Every structure is written in C-alpha cells, then in structure tokens.
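Notes for the one structure printed next.
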Amino acid sequence: MARSPEERGVTHSAGARGRLLPVLPALLLFIGLFIGLFTPRDVRPDAFLATAMVSAAALLPLWGTVLIGLGACAIFVGLMVDFNSLRDATAYSELATLAAIAAFSVFFNRLLSRRAHQLVQVRSVAETAQLAVLHPVPRHLGHVTLESLYLAAAAEARIGGDLYEAIHTPHGVRLLIGDVRGKGLLAIQTAATLLSAFREAAHDAPDLPHLARRLETSMSRHASQFPGVPGSESAERFITALLAEIPDDEPIVRTVTCGHPPPLLLHHGEVRELQPAAPSPPLNLGMLVSAGYHLDLAPFHPGDQLLLYTDGVTETRDRSGAFYPLAERIRSWSSEAPHQLLDHLHRDLIAYSGGELDDDIAVLVARRRPSLSA
C-alpha cells in the first residue's frame, strides 16, 4: 500500500530518531572525557560516564554495552593517571562504583533483550489469533463489491475485539461489524462466538430484527457459561454491532443498530450518516429490548457506497486531542472505488494520529454494482 507524504514524514522522523539514539552513549562518554580534561578537578565526570553506560544498556546490543562500560572505566583510569590520583582512595571508590554500574548495565541489557523477545512473540500470537477470527472478506458478493481494513493499535500488544463479516444469503448480502468491550483473549473469544453465530444465522433468519435476536440469544448463552459477580469483567461483557442487508433486487439498504456508530452512505459525492430511528442496546444486553429490534431503510442505488466502521476510527485523535472528523474527511474520496477509498482512509488516519493509533480500527465498505457482470 502506497504511503502518503505525511505518513512518509512521520516514518522518516521516527527513523532519524532511531538512528541518532544509539550515538547517545558515545556522546556522553566524550562529554565525560571533555569535562575530566578541561574543567577544574572538583567538577567530576562520573555522572556522564554512568549515564553513558545505563543509556547503552537500553539503546545498544550486548557488545555495545560492554564496550561503553569498558570505555567509561578506561577513561576514568586515564584521568586518575593524568591527575596523579593513583593513591587517592576516593578515586578508587568512584572507579569501583563505575565498574558496578557497568556490570549492572550488562545485566539490564540482557533483561531488556529478553523482554523485547517475549513482546515480539506475544504480538505474533496476537496477530495470528486476530487473523484466525477475521476471515478475509470476498471482493464480490452478488451485486456488491466489498473491501475491508483492519488496523491494530500500535501502543500495545493486546488484541482487541473489533470484527466484521459479509455473507451472501437468499435475502441478499448481509453485513456485520462489531466491537467487543475490552481487549485480550476474552474479547477475541467473544468476537469469535459472535462471528460463528452470524455465519450460521445469516442464511435463514427471515429479516435483520430476527437475526439480531438470534445473535443476542447466542451471546447470552455464551455469557452464561462464564458467570461473574456484578461489576466483574465477565458480567459487563457486551458487543456493539451493526447489521446491514443489501437485497439483490431492490435499491435499498436495511440496517439494525445495536449501540454501534451509524454507517455512512456515500451518494454522488455526498456523505450522509444513517442515524437509526430507534437504536437498540448492544448485544448481550438484550434484556433492555422490550419492543424488539428496529429496522431502518435507506436508498442504495448502483454506485452508492456504505461505510461501516468501529469507534476506533472516530475516536482517533490528533496532537491537539481533536477527534477524527470521518464524515468530513471521507467526502473528498466518496467517489473512489472501495479499495482506493480505504487506501486514502488508512493513510489519512496514520497522518492524523501522527502514527500512533490508540485503539484497533475496523472498516468495511460495500458498493452496489449495476449488475453481476459489471
């Protein structure tokens, strides 16, 4: 995927910092040597030499940490010789302290390396688990062209519960996008349960309200297997979800909103938020639904696009803390093909956030084609 100038600028800045940081320990050694040679004797270089060794432990590999430690001790011994301090007990005490710091820096370096290796393994397992839950969405289903985007938060290695799915059924193309409250393996397990229930029920549920009720039943049964005391994570587990149906023979889209951000309808360069007339609570909170799930309808003509997303998109912040204005930013790309639209959105989110996404992001775009052969 091509990167925008903004994204390249963020990457270049981060790369420049990454190249400069390993030079810091050597620079601190040089400063310590300069202070020892060209300042009064009561100005001690010990602090710079010690800082050089500790920073080397965090920034350099093992061999670099050892070299910086030996260099710091060698500089201090050289200064002892230069100032005729070989009989000074205080100087030997300071040298012993520097040697102890050097040994600690080596130990600290190995500890950091081990933790970094463990983090890489955790992230690999997290990505594998996420991909096992989110199957690739077909590019074409019936009269609909589809594209999806998933971005994992860069801040942590914890896997989230963002999910999406698209299935061609006798009732048309049925879409699901959802967001499980919380993160970790429990969120992935909950997301997998919901996706399995949707894949099974989407084919034979007569309409979206019935489908939502089926999903609610499945999630309630799943939650009952993990009883928790009130206020516990298990007791509060719920999923915001949006169901959409695009019939093959009608230029409309039907939606049921269960506590999820409303989809965007892109029509002839205009962007309209499809606010539900009567939104329903998230799944696994079905006891709050007394009158059933409300079905909303909107025109959906050939060339129109429907954009479904999780709140990680609209809650992305810039450096000033302002939320990402999705409807405003997407307007200039609304006529693009789904994969180009998501390409623009991907780059814009990275640039807007400065390369630091705080939450997982899932986006699903559906575009109605004129005919199956188009």
Side-chain angles (χ1 to χ4, degrees), residues 3 7-36 44-79 92-132 150-160 182-188 312 316-317 319 350 353-361:
R3 295 182 298 172
E7 187 179 355
R8 287 196 296 270
V10 170
T11 306
H12 175 76
S13 177
R17 290 194 298 268
R19 290 189 296 270
L20 289 176
L21 282 177
V23 181
L24 180 62
L27 178 62
L28 290 170
L29 281 187
F30 177 79
I31 294 175
L33 177 61
F34 180 85
I35 290 175
R44 313 297 291 179
D46 309 38
F48 287 95
L49 300 179
T51 304
M53 292 186 287
V54 174
S55 62
L59 300 175
L60 300 179
L62 177 61
W63 64 266
T65 304
V66 172
L67 286 179
I68 292 295
L70 292 175
C73 293
I75 287 174
F76 193 83
V77 170
L79 292 175
Y92 281 103
S93 175
E94 292 176 352
L95 178 61
T97 300
L98 288 176
I101 294 175
F104 170 78
S105 297
V106 171
F107 168 76
F108 187 52
N109 176 271
R110 301 314 301 151
L111 181 63
L112 286 178
S113 297
R114 189 176 298 112
R115 292 293 176 85
H117 179 68
Q118 291 173 345
L119 181 57
V120 169
Q121 289 182 318
V122 168
R123 283 178 172 166
S124 177
V125 171
E127 291 173 358
T128 301
Q130 200 87 53
L131 291 174
Y150 179 83
L151 298 177
E156 301 179 12
R158 300 181 64 196
I159 47 181
K183 293 185 178 293
L185 291 178
L186 184 56
I188 281 290
T316 296
R317 297 175 183 263
R319 298 187 185 279
I350 295 295
S353 65
E356 297 292 334
L357 297 176
D358 296 326
D359 195 5
D360 292 345
I361 285 172

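Treat the numbers as computed from the prediction; the structure is a model and nothing was measured. Heads up: numbering here begins at 1 and tracks the sequence. Scope of the values below: all heavy atoms of this structure, side chains included, with no hydrogens, waters or symmetry mates.
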Subject >> Ala50: side-chain contact (heavy atoms from CB on, under 4.5 Å) partners, not counting sequence neighbours >> reply: Leu98, Ile101

Subject >> Pairwise side-chain contact, Leu49 with Ile75, heavy-atom cut-off 4.5 Å (strictly under) >> reply: yes

Original post:
Would Thr97 and Asp46 satisfy side-chain contact (heavy atoms from CB on, under 4.5 Å), going step by step from the backbone distance to the final call?
Top reply: CA-CA 9 Å; Thr97 300; Asp46 309 38; over 6 Å; no

Subject >> Set of residues satisfying side-chain contact (heavy atoms from CB on, under 4.5 Å) with respect to Tyr92, sequence neighbours excluded >> reply: Met80, Leu86

Subject >> Contacts of Phe108 that satisfy ring pair (Phe, Tyr, Trp, His ring centres under 6.0 Å) - sequence neighbours left out >> reply: Phe104

**OP:** Return the minimal non-hydrogen interatomic distance between Ala102 and Gly69, and the atom names on each side.
**Re:** CB-CA, 4.1 Å

Original post:
Closest heavy-atom contact between Cys73 and Leu95?
Top reply: O-CD1, 4.1 Å

Distance-only donor-acceptor pairs under 3.5 Å for side chains of residues 23-32, two or more places apart:
none

Subject >> Where Arg319 and Gly354 come nearest, the two heavy atoms and their spacing >> reply: NH2-CA, 3.9 Å

N/O donor-acceptor pairs under 3.5 Å from side chains in residues 55-68, not counting sequence neighbours:
| unit_1 | atom_1 | unit_2 | atom_2 | d |
| --- | --- | --- | --- | --- |
| Ser55 | OG | Thr51 | O | 3.0 |
| Ser55 | OG | Ala52 | O | 2.9 |
| Thr65 | OG1 | Ala56 | O | 3.2 |
| Thr65 | OG1 | Pro61 | O | 3.1 |
| Thr65 | OG1 | Asn109 | ND2 | 3.1 |

**OP:** Using the test side chain to side chain donor-acceptor pair (under 3.5 Å), find all partners of Ser105 that sit at least two apart in sequence or belong to another chain.
**Re:** none

